[in-house]
Amino acid sequence: MRYLVSVIDDGAGRATSDEATAIDAFNDRLQADGHWVFAGGLGSTENATTIDNREGRGLVTDGPFVETKEWLAGFWIIEAADLDEVLALATEGSKACNRKVEVRPFL
Amino acid sequence: MLAALTRRFGDLDVAEEATAEAFAVAVERWPDDGVPPNPGAWLTTTATRRAIDRIRRESRRDEKHQEAEMLRDDDPPEPIGAVEDDRLRLLFTCCHPALALEARLALTLRMVGGLTVPEIARAFLVPETTIGQRITRAKGKIRATRIPYRVPSAADLPARVSGVLAVLYLVFNEGYLASGPGTDPIREDLTAEAIRLARLVHGLLPDDGEATGLLALLLLTEARRPSRLSPDGGLVPLAEQDRGRWDAALIDEGHRLVRARLATGEPPGPYQVLAAINAVHTSATDVAATDWSQIVALYDQLVRLDPSPVVALNRAVAIAELDGPAVALALVDRLGDRLDAYPALHAARADLLRRLDRAAEAREAWDRAIALTGNPAEAAALARRRDGLSAARGA
């Protein structure tokens with residue numbers, strides 16, 4: 001089963017070099033143990049562009065879809081047998097990136 | 001049966017509905033066909049067939065392979081112990097930390113304890129629709145996020161146990177003071193189930209202080225059950241119980257567990273303190289011989305561990321024995337806002353007011369407690385005490 005592990009940033013900014021090292025080590029382990037599907041860090045919401053082409057409106061707006069105090073800073077897509085397995089991995093991931101993470105299953 | 005079906009089909013809804021259907025078929029057929037030689041096996045077989053039928057119907061749309069997976073029964077015939085293991089697995093699934101605490105309680109009472117939604121609603125003092133939604137949502141999350149159906153690994157076990165203990169304590173309490181108007185006032189099925197599961201958890205984690213504490217607490221409470229109902233079905237308060245009818249074997253076992261925890265010298269958690277309070281009560285030959293200063297000291301310790309208003313109420317009741325009803329009443333009145341819907345608060349107030357010769361106010365408080373309780377034996381006992389009050393005044 002696949003799970004999205006979202007990394008939540010509440011103002012800490014980019015990862016420090018210590019955090020980056022810990023994230024790399026965690027990623028290596030995910031790959032070695034067969035849990036890795038994909039992962040990535042995201043640029044800041046400052047550089048987000050929002051598109052709304054519902055009903056062909058073609059609206060392009062500078063900025064994120066909603067202004068919040070917490071936003072998505074990156075994510076892992078993890079293959080795991082069940083929730084217990086992914087929660088254990090997410091607990092390590094949260095420690096490695098030094099951020100809160102949220103776990104959700106893919107449909 | 002529910003636990004075994006859940007393990008086989010990996011889905012609480014399928015297992016629950018199939019079990020209910022099997023009972024419905026039994027009600028329909030047994031009166032005409034006669035009760036089968038082994039009713040339990042008959043029910044399990046019927047429920048399993050119903051569950052397979054349902055999965056066949058539902059899987060026709062998409063997951064054909066899942067159907068094949070579930071229909072294949074590779075399991076060897078179950079030894080007796082496997083049934084207990086199933087219940088424990090179901091318990092850990094229902095008490096998973098990814099579920100909100102209220103959802104864990106409701107789900108366990110429904111799935112492991114077998115309580116109805118109205119009974120659970122009364123136990124929590126919330127509307128039935130709220131409980132129904134909690135259960136539905138919890139089942140949905142178990143399915144969608146694939147919460148596993150198994151006892152956690154050794155590393156995760158201690159953290160997962162506290163959630164299980166909280167739930168077992170609530171199941172026991174519901175049995176010890178059942179809330180349904182149509183049910184027996186004391187439901188031995190629930191108290192026995194809670195004790196059985198507490199023994200299982202204690203057996204699994206013999207060094208866990210709180211698992212030991214909870215088992216001791218349940219045993220020492222259960223030991224008093226034979227003297228808790230009067231012949232007319234009213235609840236008998238602790239002070240008036242015939243202590244000769246208490247179960248000496250259960251008391252002995254509970255005391256041994258409490259002493260074993262004291263001997264470790266580790267700081268106790270709430271269940272161990274509650275067990276110690278009950279050990280003091282069950283050591284006294286009568287209410288006057290009770291070491292109330294010891295009980296109040298233990299309640300002081302408990303309030304620091306668990307600052308809930310219900311604990312504060314019980315502490316106030318113990319204070320009445322030590323410092324008198326006026327001091328206790330002041331403490332109880334301070335809890336009135338938070339526990340207004342809790343019958344025990346009004347019953348405690350009534351008793352303190354009676355002791356202070358404030359009969360009219362006592363009667364009012366008893367009326368309020370009677371109106372709030374869902375337990376007929378408790379209502380009968382409260383009415384008896386209220387009426388005893390007017391008889392005493394008339395005399």
Side-chain angles (χ1 to χ4, degrees), chain A residues 1-10 22-23 25-40 42 66 68-107, chain B residues 6-15 58-59 61-63 65-66 69-70 85-86 88-101 103-104 107-108 111 136-164 204:
Chain A
M1 183 146 183
R2 280 185 182 178
Y3 297 87
L4 174 69
V5 180
S6 307
V7 177
I8 302 154
D9 196 331
D10 51 10
I23 292 167
F26 178 63
N27 286 342
D28 289 347
R29 238 211 68 200
L30 286 180
Q31 283 170 348
D33 295 346
H35 295 301
W36 172 275
V37 180
F38 189 75
L42 297 176
V66 61
T68 55
K69 291 195 174 100
E70 294 182 329
W71 56 90
L72 190 66
F75 62 89
W76 281 281
I77 297 173
I78 287 180
E79 184 70 41
D82 55 40
L83 189 69
D84 279 0
E85 190 170 50
V86 73
L87 289 184
L89 293 167
T91 304
E92 283 180 51
S94 167
K95 186 164 194 235
C97 70
N98 196 27
R99 305 279 190 285
K100 280 198 295 191
V101 301
E102 178 202 274
V103 176
R104 280 168 72 183
F106 279 90
L107 283 174
Chain B
T6 306
R7 183 168 59 80
R8 177 144 174 217
F9 295 103
D11 187 305
L12 291 178
D13 279 332
V14 170
E58 290 185 357
S59 58
R61 280 175 287 123
D62 38 20
E63 298 173 336
H65 63 280
Q66 193 190 350
E69 198 66 32
M70 283 184 168
D85 292 348
D86 277 342
L88 202 58
R89 266 195 284 271
L90 185 56
L91 190 60
F92 274 105
T93 303
C94 291
C95 299
H96 198 279
L99 304 173
L101 180 63
R104 285 180 235 165
L107 195 61
T108 306
M111 305 304 293
T136 306
R137 201 181 153 264
K139 283 184 188 166
K141 187 166 185 185
I142 289 172
R143 202 179 308 115
T145 67
R146 202 180 282 182
I147 289 179
Y149 179 55
R150 62 160 179 256
V151 173
S153 64
D156 294 339
L157 204 50
R160 294 281 303 276
V161 167
S162 70
V164 171
L204 195 68

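Note that the structure is predicted; figures quoted are calculated from it, not measured. In what follows, chains are A, B, ... by sequence order, proteins preceding strands, each numbered from 1. Below, each value reflects all heavy atoms present in this structure, side chains not excepted, and no hydrogens, waters or symmetry copies.
When heavy atoms are compared at a cutoff of 4.5 Å, Tyr3(A) approaches chain B solely by way of its side chain, counted from C-beta outward. Contact annotation for Leu87(A): only side-chain heavy atoms (C-beta onward) come within less than 4.5 Å of a heavy atom of chain B. For Ala88(A), no part lies under 4.5 angstrom from a heavy atom of chain B.
Remark: Arg160(B) CZ is packed, more than 12 non-hydrogen atoms of other residues, nucleotides or ligands lying under 6.0 Å away. Other residues, nucleotides and ligands place more than 12 heavy atoms under 6.0 Å from the CZ atom of Phe106(A).
With chain A as the partner, the residue from Ala98(B), Pro148(B), Pro97(B), Ala144(B) showing the most heavy-atom pairs under 4.5 Å is Pro148(B). With chain B as the partner, the residue from Asp82(A), Val86(A), Val103(A) showing the most heavy-atom pairs under 4.5 Å is Asp82(A).
Looking at heavy atoms from C-beta onward, His96(B) lies in side-chain contact with Asp84(A) at the 4.5 angstrom threshold.
Taking all atoms of both residues into account, the shortest heavy-atom contact from Ile147(B) to Leu83(A) is CG1-CD2, 3.3 Å.
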